[in-house]
Amino acid sequence: MKKYILSIDQGTTSSRAILFNKKGDLVASYSKETKLIYPHEGYVEQDAVEIWSSVVDVINNVLIKANVEWSEIDSVGITNQRETTVVWDKKTGQPIYNAIVWQSRQSLSICEQLSKKETIIHNKTGLLINPYFSASKIRFILDHVDGAQARAEKGELLFGTIDTWVIWKLTNGKSHATDTTNASRTMLYNIFDLCWDKDLLEMFNIPAKMLPKVCSSKYDFGKLEYFNRDIHILGVAGDQQASLFGHTCFKPGDCKNTYGTGCFMLMNTGEKPILSNKGLLTTIAWTIDGKTTYALEGSVFIGGAAIQWLRDGIKIIKDAPEVNVLASSVKDNGGVYFVPAFVGLGTPYWDDEVRGTMFGITRGTTRGHIALATLQAIAFQSKDVFDVMSDESQIEIKSLQVDGGATNSDILMQFQSDILQIEITKPSCLESTALGVCYLAGLKSGFFKGANHIKECHSYQKTFTPSMTIEDANKMGNSWKKAVESARRFKL
Ligand code: ADP
């Protein structure tokens, strides 16, 4: 009897294996940390072999933990940290260099040399030229490993993002493939024509022979040869897109925000890509049955990290939950506005130089006001992204789905609903990323009959509805804008 779908979530700091049942309920999960390597200032790397062995480990362990037999597994879904780049030898399966992690800045100079091509690149990929994306990372590896360029040209080397690497290993090298969501983050994939882009490959001097085949997100990527099982990988998507799918954001205007260390907002924009002039990224949300859906994506650098700063920086709380105790000790923010621009501001300001600033402090200001202003700052920054999204897409966003550690703060969620003046819903299963590829794989296997069936299975634990008047919400929104403008004017 096939009872479960196995989702593999390979993230930046850990690999996880999660079992879901036919209703999409989480049955068991097992995770293992993976190490980050910092060989030089600004470099962030990982051992791709360690990533692979951690994946094997978590798969074996989740089955043991849940006392589940292989014969009970219907299919496998894979979701992954996006953009992280691996290049390996086709014959030996050995990586020729560490995996270069998405955060790494080591290929910055390659990007700088191409800055004049920004518009061309943006118009093909929906991305902004940045070392985040895989293209300059591949270039870096080919430049830094002796003889690599020639070997790549001969077809001896393969490139993959983490999904591709894990698929290749799980299928014992039979399948060298990725899905459109991951391909759309490489900066080599044309999101309009849906193919590897010749001009971009030329620009980065990357041989097409290295590249994986790009497939739909719901697709048969091959079977688990490594485990000697006739179980197939049927769903693959990059983490943020998987999360959008896991939140059942199937219609244009459906939007999700993840409140982690930073915040990641994605909105389904339907079947046409919308290019942004205000720094949002355009990306592929998923491809299903030959139909590609697009998304706009925006991020806030400092989300839950601002709460960590209260704990570790100024030490006014002992742990993250305490921020809520303090924040509920005051009736309002007492006029305090906090712009936590510790590393500059992202969408829509794109200001690297602005730094964190607190406004409106009086003798009456307490730790409570600062705690509340911090939670509000997370909501205000998310609103800035949200406003640009609805403005540029001309799509009205009617509700917001949420996940991530900071959604544990009811104060933050209620305030977010208040200032956006929309309903916010928190699903029962906060593992939206793993759930997204469970849904994709299950659609392919027939576990789930279609979008409506998934919607019926999907359940929610909490809803927040606006309790503030529009006038008050606008007033606070204006004060926030003034705070951001003032912070940006201050330069040492
Ligand atoms: P990431 O995936 O980026 O590591 P998580 O989704 O695990 O992030 O969320 C971690 C963040 O959630 C931390 O920055 C922490 O400050 C915040 N957080 C955790 N619990 C709470 C809570 N009860 N109230 C407010 N914030 C919280």
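Note that the numbering runs from 1 along the sequence shown for the chain. Just follow the structure's listing: the first ligand is 1, and inside any ligand the first atom is 1. Just so you know, these numbers use all the heavy atoms, side chains as well, and skip hydrogens, waters and symmetry mates.
- Between Gly404 and ligand 1, not a single N/O pair is under 3.5 Å apart.
- Listed by chain and residue number, Asp143 satisfy the salt bridge (Lys or Arg N to Asp or Glu O under 4.0 Å) test with Arg139 (two or more places apart in sequence, or in another chain).
- Counting protein heavy atoms only, atom 26 (N) of ligand 1 is closest to Ile307 CD1, 3.4 Å.
- Two rings, from Trp52 and Trp165, have their centers 6.0 Å or more apart.
- Closest to atom 16 (O) of ligand 1 among all protein heavy atoms lies Gly304 O, 3.3 Å.
- The nearest protein atom to atom 14 (O) of ligand 1, hydrogens excluded, is given as Gln308 NE2, 2.8 Å; this is a heavy-atom distance.
- Counting only heavy atoms of the protein, atom 4 (O) of ligand 1 lies nearest to Thr261 OG1, 3.5 Å.
- The protein non-hydrogen atom at the shortest distance from atom 15 (C) of ligand 1 is Ala320 CB, 4.0 Å.
- Under a 4.0 Å criterion applied to the non-hydrogen atoms of Ala305, ligand 1 contributes the atoms 14 (O).
- Protein heavy atoms all stay at least 4.0 Å away from atom 2 (O) of ligand 1.
- Interface atoms of ligand 1 facing Gly260, defined by a heavy-atom separation under 4.0 Å, are 3 (O), 5 (P), 6 (O), 8 (O), 9 (O).
- In this structure, Tyr97 places its OH atom where more than 12 heavy-atom neighbours from other residues, nucleotides or ligands lie under 6.0 Å away.
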Next item on the list: Let me see the working for Ser467 and Gln414 under side-chain hydrogen bond (donor to acceptor under 3.5 Å, both in side chains), right down to the final yes or no.
Entry: CA-CA 8 Å; Ser467 63; Gln414 182 57 50; 3.3 Å; yes
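- Between atom CZ of residue Phe415 and atom CE of residue Met476 there is a gap of 4.0 Å, rounded to the nearest 0.5 Å.
- Rounded to the nearest 0.5 Å, atoms CZ (Phe386) and CG (Asn257) are 10.0 Å apart.
- Per-residue contacts place Ser409 under 4.0 angstrom from the following atoms of ligand 1 (heavy atoms of the residue considered): 24 (N), 25 (C).
- In this structure, Trp309 has its ring center closer than 6.0 angstrom to the ring center of Phe338.
- Looking at Gln10 and Ser15, their side chains do bring a donor and an acceptor atom within 3.5 Å of each other.
- Contact annotation for Asn324 and ligand 1: only side-chain heavy atoms (C-beta onward) come within less than 4.0 Å of the ligand.
- Atom 10 (C) of ligand 1 has as its closest protein heavy atom Gly405 CA, 4.1 Å.
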